[in-house]
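Atoms within a ligand are numbered from 1 in the order they appear, just like the ligands themselves.
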Amino acid sequence: MKLLVTGGAGYVGSVCAAVLVEQGHEVVVVDDLSTGNADAVPAGAQFVQADMVAVASDLLGDGSFDGVLHFAAKSLVGESVEAPERYWNGNVIKTLQLLEAIRLAGVPRLVFSSTAATYGEPESVPITEDAPTKPTNAYGATKLAIDHAITSYATAHGLAATSLRYFNVAGAYAGLGERHATETHLIPLVLQVATGQRPEILVFGNDWPTPDGTCLRDYIHVRDLADAHLLALQTAQPGEHRIYNLGNGTGFSVREVIASCERVSGISIAARDVERRAGDPAVLIASSEKAITELGWKPQHTTIDEIVGDAWEFTRSRS
Ligand code: UDP
């Protein structure tokens with residue numbers, strides 16, 4: 001297939017673009033490099049450095065594309081609470097413009113990076129796709145708004161659309177991993193303590209209603225996520241918007257993640273308990289039964305040490 005990948009210089013987008021190229025697809029990456037890295041665009045993909053909205057009509061206009069994978073987004077939860085305008089403009093307004101370019105060019109398929117943050121504080125776990133969607137921050141709210149827009153486009157205009165709601169993405173593949181200028185995610189931060197780039201990891205809250213008092217999250221390997229994107233492209237049906245949660249169905253606590261980082265790196269990691277971080281749910285665990293049944297998705301990296309191991313190899317190679 002000929003595919004446009006927005007945000008293909010970012011973490012998840014670049015891994016997906018690399019896997020698409022490996023599988024023989026023709027890939028065009030568009031990324032403005034506001035947070036991505038040019039050297040993360042896989043060899044074999046064409047790279048257009050631009051705002052996707054400025055170039056979408058031109059790129060898609062000749063009707064030759066079979067699909068768009070839309071990763072480009074602002075994705076810092078804390079920033080989205082403090083400056084929601086950046087998220088409503090940067091995520092929602094821009095995606096509506098992209099959707100118009102897709103409609104006008106008659107592109108048949110869309111895969112969208114949605115998020116577990118669309119659900120907010122869950123009423124029960126594991127979280128299924130029919131759980132209530134009550135996002136607790138602007139990041140999740142903008143992703144949910146986009147999901148609703150995509151449903152309307154699929155219904156009215158025959159788009160074959162899939163939203164993939166990622167839980168905690170981690171790991172690395174083919175030399176591509178998390179390289180955020182502002183790092184907020186647990187695993188890369190803990191590994192930076194292991195390499196000496198940070199003095200300690202702060203544990204946000206030790207009084208949560210969980211077995212060891214720290215939050216539980218469902219970590220999914222970025223390579224397994226890429227497989228789900230390929231399957232979504234292959235199975236999507238015109239006029240339908242399908243939504244899938246993607247995780248491993250197992251929760252690991254912050255302390256368990258730190259212990260895994262110590263096992264994998266062989267380095268003792270300094271950790272300090274501090275106050276809870278605002279907006280953190282105690283437990284987020286996915287039910288991915290729908291993706292397993294309908295997409296035929298099978299995650300290959302299911303232990304925390306495998307996921308952390310690949311992240312560690314990547315971190316070490318760059319430090
Ligand atoms: N966390 C932590 N210290 C940090 C960063 C994260 O204790 O420096 C915790 C956070 O409170 C959450 C878990 O680690 O319970 C995963 O956080 P992350 O930001 O990686 O992902 P999120 O679940 O917020 O999407």
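Distance from atom 20 (O) of ligand 1 to its nearest protein heavy atom, with residue and atom name: Leu186 N, 2.8 Å. In terms of protein heavy-atom proximity, atom 8 (O) of ligand 1 is closest to Leu189 CD1, 3.4 Å. For atom 24 (O) of ligand 1, the nearest protein heavy atom (residue, atom name, distance) is Arg277 NH2, 2.8 Å. Closest to atom 7 (O) of ligand 1, if we only count protein heavy atoms, is Phe204 N, 2.9 Å. Taking atom 9 (C) of ligand 1 as the reference point, the nearest protein heavy-atom neighbour is Val254 CG2, 3.7 Å. For atom 23 (O) of ligand 1, the nearest protein heavy atom (residue, atom name, distance) is Arg217 NE, 2.7 Å. Here the protein heavy atom with the shortest distance to atom 11 (O) of ligand 1 is Asp280 OD2, 2.5 Å.
Using 4.0 Å as the threshold, Tyr219 has a heavy atom nearer than that to some atom of ligand 1.
Shown in contact with Cys215 at under 4.0 Å from a heavy atom are these atoms of ligand 1, numbered in order with element: 15 (O). With ligand atoms numbered from 1 in the order given, ligand 1 contributes 8 (O) to contacts under 4.0 Å with heavy atoms of Ile201. The distance from ligand 1 to the heavy atoms of Asn168 drops below 4.0 Å at these ligand atoms: 16 (C), 21 (O), 22 (P), 23 (O), 25 (O). Taking every non-hydrogen atom of Val203 and a distance limit under 4.0 Å, the qualifying atoms of ligand 1 come out as 7 (O). Under a 4.0 Å criterion applied to the non-hydrogen atoms of His185, ligand 1 contributes the atoms 18 (P), 19 (O), 20 (O), 21 (O).
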Run the salt bridge (Lys or Arg N to Asp or Glu O under 4.0 Å) check on Glu200 and Arg272 step by step: do they pass? CA-CA 7 Å; Glu200 61 183 0; Arg272 180 157 57 95; 2.7 Å; yes
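Geometrically, ligand 1 and Leu202 share a nitrogen or oxygen pair separated by less than 3.5 Å.
The cluster map of Ile, Leu, Val, Met, Phe, Trp and Tyr, joined by side-chain heavy atoms under 4.5 Å apart, puts Tyr11 and Tyr173 in the same cluster. Residues Leu225 and Leu176 are members of one and the same hydrophobic cluster, defined by side-chain heavy-atom contacts under 4.5 angstrom among Ile, Leu, Val, Met, Phe, Trp and Tyr.
The ring-ring contact (aromatic ring centres under 6.0 Å, His included) analysis of residues 283-308, with sequence neighbours excluded, yields the pairs His221-His301.
Salt-bridge formation is detected for the pair Asp51/Lys94: a Lys NZ or Arg NE/NH1/NH2 atom is positioned less than 4.0 Å from an Asp or Glu carboxylate oxygen. Ion pairing between Lys298 and Asp227 fails under the 4.0 Å rule for side-chain N and carboxylate O. At a threshold of 4.0 Å, the pair Glu79-Arg86 counts as salt-bridged, since one of the basic side-chain nitrogens sits closer than that to a carboxylate oxygen.
For the pair Arg217 and Phe252, the cation-pi test (distance below 6.0 Å, angle within 45°) is failed.
Defined by atom type and a distance below 3.5 Å, a donor-acceptor pair is present between the side-chain atoms of Gln197 and Thr195.
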